[in-house]
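Working notes for the structure below.
Remember, predicted model here, so these are calculated numbers, not experimental data.
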Amino acid sequence: MRERLKPDQAFCYGRDYDAAHLGSHPDQLTQSIRVFRGPVELASFAKEGDPANWPSGADIAVSVTTRQKSAKVTQAYNCQGEGDQWRCAASAKTGAASCDIAQKEVFLRRGANGTMMLANPNSGLPIVDLCSKAAAGDTMSDDKVYRLQPMPQAACGL
């Protein structure tokens with residue numbers, strides 16, 4: 001991924017789930033998901049990041065719309081390169097978390113045919129309040145792994 005995604009490059013990956021998919025996956029909470037780096041994240045890396053250590057220090061944002069809430073929730077993450085993936089810890093830059101959310105992690109990995117895989121093994125996505133008991137431990141819903149497609153920047157609201 002460090003070759004595909006550049007330090008000075010914005011990106012947008014996402015997926016929208018239709019009624020048929022959600023009907024066959026009743027335990028999935030996510031209706032729509034986006035993973036992106038836009039102007040805010042690019043400016044942050046330009047100011048504080050070290051291109052020689054890319055992607056360490058890269059900020060990304062994840063926006064999720066769930067079945068229960070029609071409003072989109074966005075959470076910032078700070079990433080480190082780890083082998084062939086990015087390990088991204090939730091950061092308080094975009095939220096008013098009442099707990100230490102740095103333990104809430106997601107993982108990004110290159111997928112086949114230009115896709116991106118997003119893993120959410122320990123309730124690291126904002127599909128539930130990251131400080132709630134529902135977010136403690138392993139992800140209990142079907143919201144563990146996503147195959148995201150490249151999308152235009154406009155699809156991420158940038």
Would you sort out whether Ile60 and Phe11 count as a side chain to side chain contact (heavy atoms under 4.5 Å, CB included), showing the intermediate values? CA-CA 9 Å; Ile60 63 165; Phe11 63 78; 4.0 Å; yes

Do side-chain atoms of [X] reach the backbone of [Y] as a donor and acceptor pair under 3.5 angstrom?
{"X": "Trp54", "Y": "Leu5", "answer": "yes"}
{"X": "Gln75", "Y": "Ser91", "answer": "yes"}
{"X": "Arg37", "Y": "Gln9", "answer": "yes"}
{"X": "Asn122", "Y": "Gly124", "answer": "no"}

Check the pair Tyr77, Ile101 against side chain to side chain contact (heavy atoms under 4.5 Å, CB included), reporting the backbone distance first and the verdict last. CA-CA 10 Å; Tyr77 295 82; Ile101 59 172; over 6 Å; no

Exercise: identify the closest heavy-atom pair between [X] and [Y]:
{"X": "Phe45", "Y": "Pro7", "result": "CE2-CB, 3.5 Å"}
{"X": "Ala10", "Y": "Gln153", "result": "CB-NE2, 3.4 Å"}
{"X": "Asn78", "Y": "Gly57", "result": "ND2-O, 3.4 Å"}

Tell me whether the rings of His25 and His21 are parallel (<30°), tilted (30 to 60°) or perpendicular (>60°). parallel

Parallel, tilted or perpendicular, as decided by the 30° and 60° cut-offs, for the rings of Tyr146 and Tyr17: tilted

Evaluate side chain to side chain contact (heavy atoms under 4.5 Å, CB included) for Ser56 paired with Asp50, printing each intermediate quantity in order. CA-CA 8 Å; Ser56 293; Asp50 178 3; over 6 Å; no

Does one side chain, of Asp16 or Ser32, offer a donor that lies under 3.5 Å from an acceptor on the other? yes

With clusters built from Ile, Leu, Val, Met, Phe, Trp and Tyr whose side-chain heavy atoms come within less than 4.5 Å, directly or transitively, what are the remaining members of the cluster of Val73, listed by chain and number? none

Just grab all the salt bridge (charged side-chain N to carboxylate O under 4.0 Å, His left out) pairs involving residues 136-156, residues at least two apart or on different chains. none

Between Tyr13 and Leu118, is a side chain to side chain contact (heavy atoms under 4.5 Å, CB included) present by the stated rule, with each step listed? CA-CA 10 Å; Tyr13 286 82; Leu118 170 67; over 6 Å; no

Could you give the side-chain donor-acceptor pairs of residues 105-112 under 3.5 Å, partners two or more places apart or in another chain?
| unit_1 | atom_1 | unit_2 | atom_2 | d |
| --- | --- | --- | --- | --- |
| Glu105 | OE1 | Arg87 | NE | 3.2 |
| Glu105 | OE1 | Arg87 | NH2 | 3.0 |
| Glu105 | OE2 | Arg87 | NE | 2.8 |
| Arg109 | NH2 | Gln85 | OE1 | 2.8 |

